[in-house]
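Take a look at the structure below.
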Amino acid sequence: MTLEPCRLQALADELGDSTPVLRFLSTYLSMLPDRIRSISSGLCTHDVNASMDAILSLKIASGMVGALETEGQCRAMEMMIREDHFDSAVQAFTALQNSTDRCFAAGPQLLGKARESLCSTPRTSF
């Protein structure tokens, strides 16, 4: 599992500080199991609204940290639900869960790489 570093760097540049970005990444990683449980619960109970809320939340956060694989899977599941293919979204859940499990397991390494990348990037002023 990798993160697209330019997404984190863009956030750090926008905020003018890498500290909140690293904190956001840490929170993102720690919340992955709960987010997956929320998606699973919504899918298992066939609750379209709960499923969409949980999927959209994960999609947006994943995009912000640069977890492009997870973001893409959420985007695909979102479209399946919007197009009334709920059973397809249920079937796609396993791939999403595998992706987030890999990301969660790699959390310490991902945080270390992000810290190294954000803290070593030279700042230029115009």
Side-chain angles (χ1 to χ4, degrees):
M1 177 74 199
T2 59
L3 301 177
E4 180 57 47
C6 68
R7 299 271 181 106
L8 292 174
Q9 187 61 56
L11 275 177
D13 290 346
E14 191 174 313
L15 296 171
D17 185 5
S18 63
T19 303
V21 174
L22 292 169
R23 190 170 34 249
F24 181 76
L25 176 58
S26 178
T27 300
Y28 168 83
L29 292 167
S30 69
M31 292 180 69
L32 282 174
D34 288 336
R35 288 178 185 224
I36 285 297
R37 274 191 290 278
S38 294
I39 293 170
S40 177
S41 176
L43 293 173
C44 287
T45 59
H46 213 78
D47 185 331
V48 172
N49 292 328
S51 298
M52 283 298 279
D53 286 348
I55 289 168
L56 292 173
S57 175
L58 181 57
K59 178 186 86 169
I60 291 166
S62 296
M64 290 175 70
V65 300
L68 302 182
E69 178 183 355
T70 300
E71 179 188 21
Q73 290 167 326
C74 288
R75 187 178 312 281
M77 289 177 70
E78 172 191 2
M79 292 311 300
M80 291 171 196
I81 292 170
R82 287 189 192 281
E83 294 171 357
D84 202 27
H85 299 293
F86 199 87
D87 290 339
S88 296
V90 170
Q91 291 175 359
F93 175 74
T94 301
L96 175 64
Q97 185 172 24
N98 290 337
S99 173
T100 58
D101 285 350
R102 285 192 311 276
C103 190
F104 183 74
Q109 294 86 2
L110 294 172
L111 273 169
K113 286 180 182 179
R115 188 173 290 111
E116 185 179 294
S117 173
L118 292 172
C119 295
S120 67
T121 304
R123 304 258 184 233
T124 56
S125 44
F126 294 91

Any non-hydrogen side-chain atom of [X] less than 4.5 Å from a side-chain atom of [Y]?
| X | Y | result |
| --- | --- | --- |
| Arg82 | Met52 | yes |
| Arg7 | Leu68 | yes |
| Val65 | Leu110 | no |

Of the non-hydrogen atoms in [X] and [Y], which two are nearest, and what is the gap between them?
| X | Y | answer |
| --- | --- | --- |
| Lys59 | Cys74 | CB-CB, 3.5 Å |
| Gly42 | Ala50 | CA-CB, 4.3 Å |
| Phe86 | Ile81 | CD1-CG1, 4.0 Å |
| Ala12 | Leu118 | CB-CD2, 4.0 Å |
| Ala105 | Pro108 | O-CD, 3.9 Å |

**Message:** Hydrophobic clustering (ILVMFWY, side-chain heavy atoms < 4.5 Å, transitive) - are Leu15 and Leu3 grouped together?
**Reply:** yes
Distance from [X] atom [atom1] to [Y] atom [atom2], nearest 0.5 Å?
| X | Y | atom1 | atom2 | value |
| --- | --- | --- | --- | --- |
| Ile39 | Cys44 | CD1 | SG | 11.5 Å |
| Leu111 | Arg115 | CG | CZ | 5.5 Å |
| Met80 | Gln91 | CE | CD | 8.5 Å |
| Asn98 | Cys103 | CG | SG | 13.0 Å |
| Met31 | Ser26 | CE | OG | 11.5 Å |
| Arg35 | Ser40 | CZ | OG | 15.5 Å |

Where the side chain of [X] meets the backbone of [Y], is there a donor-acceptor pair that is under 3.5 Å apart?
| X | Y | result |
| --- | --- | --- |
| Thr100 | Leu96 | yes |
| Ser62 | Ala67 | no |
| Ser41 | Arg37 | no |

**Asked** Out of Thr70, Leu32, Thr94, which one pairs with Ser99 under the side-chain contact (heavy atoms from CB on, under 4.5 Å) rule?
**Response** Thr70
**Asked** Checking side-chain contact (heavy atoms from CB on, under 4.5 Å) against Met77, which of Ile55, Leu58, Val90, Leu56 comes through?
**Response** Ile55
**Prompt:** Step by step, would you call Leu8 with Ser117 a side-chain contact (heavy atoms from CB on, under 4.5 Å)?
**Reply:** CA-CA 9 Å; Leu8 292 174; Ser117 173; over 6 Å; no
**Item:** Derivation of the side-chain hydrogen bond (donor to acceptor under 3.5 Å, both in side chains) call for Asp13 and Gln9
**Value:** CA-CA 6 Å; Asp13 290 346; Gln9 187 61 56; 2.8 Å; yes
**Message:** Please determine whether the number of non-hydrogen atoms from other residues, nucleotides or ligands lying under 6.0 Å from atom CG of Asp34 exceeds 12.
**Reply:** yes
